[in-house]
Number of protein chains: 2
Amino acid sequence: MTETATTVPSKTAGSKSEQAYTAVKARIVEGTYTPGYRLVLAKIAEDLGVSVVPVREAIRRLEAEGLVTFERNIGATVSGIDPTEYLYTMQTLSIVEGAATALSAPLISAPDIARARAVNAEMRDCLQHFDPVRFTRLNQDFHSVLFEQCPNPHLLDLVHRGWNRLASLRSSTFRFVPGRAHDSVNEHEALLQLIESGAGADAIEQAARRHRSATLDAYLQQANHQEHS
Amino acid sequence: MTETATTVPSKTAGSKSEQAYTAVKARIVEGTYTPGYRLVLAKIAEDLGVSVVPVREAIRRLEAEGLVTFERNIGATVSGIDPTEYLYTMQTLSIVEGAATALSAPLISAPDIARARAVNAEMRDCLQHFDPVRFTRLNQDFHSVLFEQCPNPHLLDLVHRGWNRLASLRSSTFRFVPGRAHDSVNEHEALLQLIESGAGADAIEQAARRHRSATLDAYLQQANHQEHS
DNA sequence: AAGTACGAAATAATATACGATTATTGTCCC
DNA sequence: GGGACAATAATCGTATATTATTTCGTACTT
């Protein structure tokens, strides 16, 4: 559930290009290639045992997803995210994820809810001896349950792209903003109850959106505070 | 205002690849290449006076935007949109466009509003001797005024992609659903008044979203009706 | 010693070439 | 006359080769 997910099925499975795409994407999302890392076509091509053409193609696809930045005659680097970019990404994600969660909600089964609640319990547990990496992974698992049933594949794809983008930063907000992780767990439980109660789509959408906005706000306050100190 | 718009500035301007991308995209959006049209790499390459490699790259970028469909060892064709796809696209657009409009609203100036109102007056005029092509173009101009000020470039880009996708179908809903064009013009005026009155972001977002949902619903009813007749 | 100009190395961008896969057409057999 | 199979053509996928651009180091000048 944690691995890279692409909703729109590619009709090019098995091609070297696809292979390169998957391999490089995985390295970025899992953190082997960190932001700023310089992606040299020839090097990657050699690593993967293919020529540069498919690699180039793969990297341009990743550019379209925002995971790498490409500059003419210069090359590709793994995208960093400055505070402004972070804001844009989180804001966009709050919108599409909120909508996806709302559309998904009526299709979520009782076992799904139970599974999400179990994950959230682990998260609460994780608050003691805090492990940001594990917490972040659990957080993704939790939200996956909520939005993965979304019947609109385009919308779901946008959600995945946002998550991938955030995942490419290893640093989660939870690491930087004390108390946010705790609040987050509580909001999760509230979200689950809302869905269980069969609340309307609007209510669920707003709750899901606010949940993410709250994370963004926490980050911004922290950033602002650090700036003025 | 009507032409193809890409928000995220490409750092590859001037390259053959970029040139091919722009050329092919324009041909699709303006309707030279209609849905189902077979995009043969060698042919396009010759037309543009470049080799196949940049063309291939361009086409894969268009694939990522949903404008073309690529199948392994078969080739690329301009994407059609079946009813299901149309639903997904419109639904997604209703979400991102609604949010973009809400974020844009506080930044819209009085002259902008006046311009939008003028466009809408033209649309109303256009209702007499109905010209779907012109009406559709004016419709895009109108909405551009509303969302183009959106300060979040990622979100704005998603809106542009949705519009491009719809533009690649020449057929607008207005052509097929009698009365929808008329309703649309009225909803536009209501939207403008809402923005002028300084309404809250939520109200504007919902209104903008419903405006698009109404177009979708009109289409679906029509489609459903035709099916059962 | 600092700055600049030049050149070599690295790398990207594009072109060309070839093998692989799929579509098409024609022919043979029933 | 129609269907199956084979040959051919069209087109894609990838590799290799060439060209253009940038970067970095070095030597030369002031």
Side-chain angles (χ1 to χ4, degrees), chain A residues 6 8-25 27-28 32-80, chain B residues 6 8-25 27-28 32-80:
Chain A
T6 304
V8 180
S10 192
K11 292 286 183 188
T12 54
S15 67
K16 309 267 177 117
S17 160
E18 186 76 14
Q19 179 184 331
Y21 169 78
T22 308
V24 176
K25 184 174 184 175
R27 280 171 169 72
I28 292 174
T32 308
Y33 297 157
T34 51
Y37 184 90
R38 179 79 186 282
L39 296 168
V40 177
L41 297 180
K43 206 177 205 170
I44 296 175
E46 197 187 5
D47 281 1
L48 300 178
V50 301
S51 81
V52 296
V53 179
V55 173
R56 184 183 164 85
E57 199 173 283
I59 286 182
R60 295 218 73 151
R61 275 177 70 187
L62 293 171
E63 183 197 18
E65 295 181 19
L67 290 181
V68 313
T69 306
F70 212 87
E71 266 181 294
R72 156 131 181 171
N73 287 327
I74 304 255
T77 53
V78 177
S79 303
Chain B
T6 305
V8 180
S10 193
K11 293 286 183 187
T12 53
S15 68
K16 309 265 177 120
S17 160
E18 186 75 13
Q19 178 185 333
Y21 169 78
T22 306
V24 176
K25 183 173 184 176
R27 279 171 172 72
I28 294 174
T32 308
Y33 296 157
T34 51
Y37 184 91
R38 179 79 185 282
L39 296 168
V40 178
L41 297 182
K43 207 179 209 167
I44 296 175
E46 198 187 4
D47 281 1
L48 301 177
V50 301
S51 82
V52 296
V53 179
V55 173
R56 185 184 163 86
E57 198 173 285
I59 287 182
R60 295 219 75 150
R61 275 176 71 187
L62 293 170
E63 183 196 17
E65 295 181 19
L67 290 181
V68 313
T69 306
F70 211 88
E71 264 181 294
R72 160 134 198 198
N73 286 330
I74 304 252
T77 53
V78 177
S79 303

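Just so we're clear, the structure is a prediction, and the values are computed from it rather than from any experiment. Letters A, B, ... are given to chains in the order of the sequence lines, protein chains preceding strands, and every chain is numbered from 1.
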Write down the distance between CD (B:Glu57) and P (C:dT14), rounded to a whole number of angstrom. 7 Å
Counting side-chain heavy atoms from CB outward, which of C:dT11, C:dT14, D:dT11 is closest to B:Pro54? C:dT14
Decide, yes or no, whether a salt bridge links A:Lys25 with A:Glu18 under the criterion of side-chain N to carboxylate O below 4.0 Å. no
A:Leu41 CG - D:dT14 P separation (whole Å): 15 Å
Distance check needed: C:dA15 P versus B:Leu48 CG, whole Å only. 11 Å
Do the charged groups of A:Lys43 and A:Glu46 touch, with an N to O distance under 4.0 Å? no
Name the residue closer to the 5' end of DNA chain D, choosing between A:Ser51 and A:Asn73 according to the nucleotide with the nearest heavy atom. A:Ser51
What residues form a side-chain hydrogen bond (donor to acceptor under 3.5 Å, both in side chains) with B:Thr32, not counting sequence neighbours? B:Glu30
Which nucleotide in the list D:dT11, D:dT14, D:dG13 gets nearest to the side chain of B:Val40? D:dT11
Please work out if B:Leu39 contacts a base, only the sugar-phosphate, or nothing of the nucleic acid, heavy-atom cut-off 4.0 Å. sugar-phosphate
Side-chain donor or acceptor of A:Ser79 paired with backbone N/O of A:Gly66 under 3.5 Å: yes
Whole angstroms only, please: what is the CD1-P distance between A:Ile74 and D:dA20? 18 Å
Does a side-chain N-to-carboxylate-O contact under 4.0 Å join B:Arg60 and B:Glu63? yes
Taken to the nearest whole Å, NZ/B:Lys16 to P/C:dT16 is 10 Å
Between OH of B:Tyr21 and P of C:dA13 the distance, given in whole Å, is 17 Å
Assign B:Val53 to base, sugar-phosphate, or nothing according to its heavy-atom contacts below 4.0 angstrom with the strands shown. base
For D:dC12, does either OP1 or OP2 sit under 4.0 Å from a side-chain N or O belonging to B:Arg56? no
From CZ of A:Arg72 across to P of C:dA12 the rounded distance in Å is 14 Å
Euclidean distance, atom CD of residue A:Glu46 to atom C1' of D:dA15 [Å, nearest integer]: 15 Å
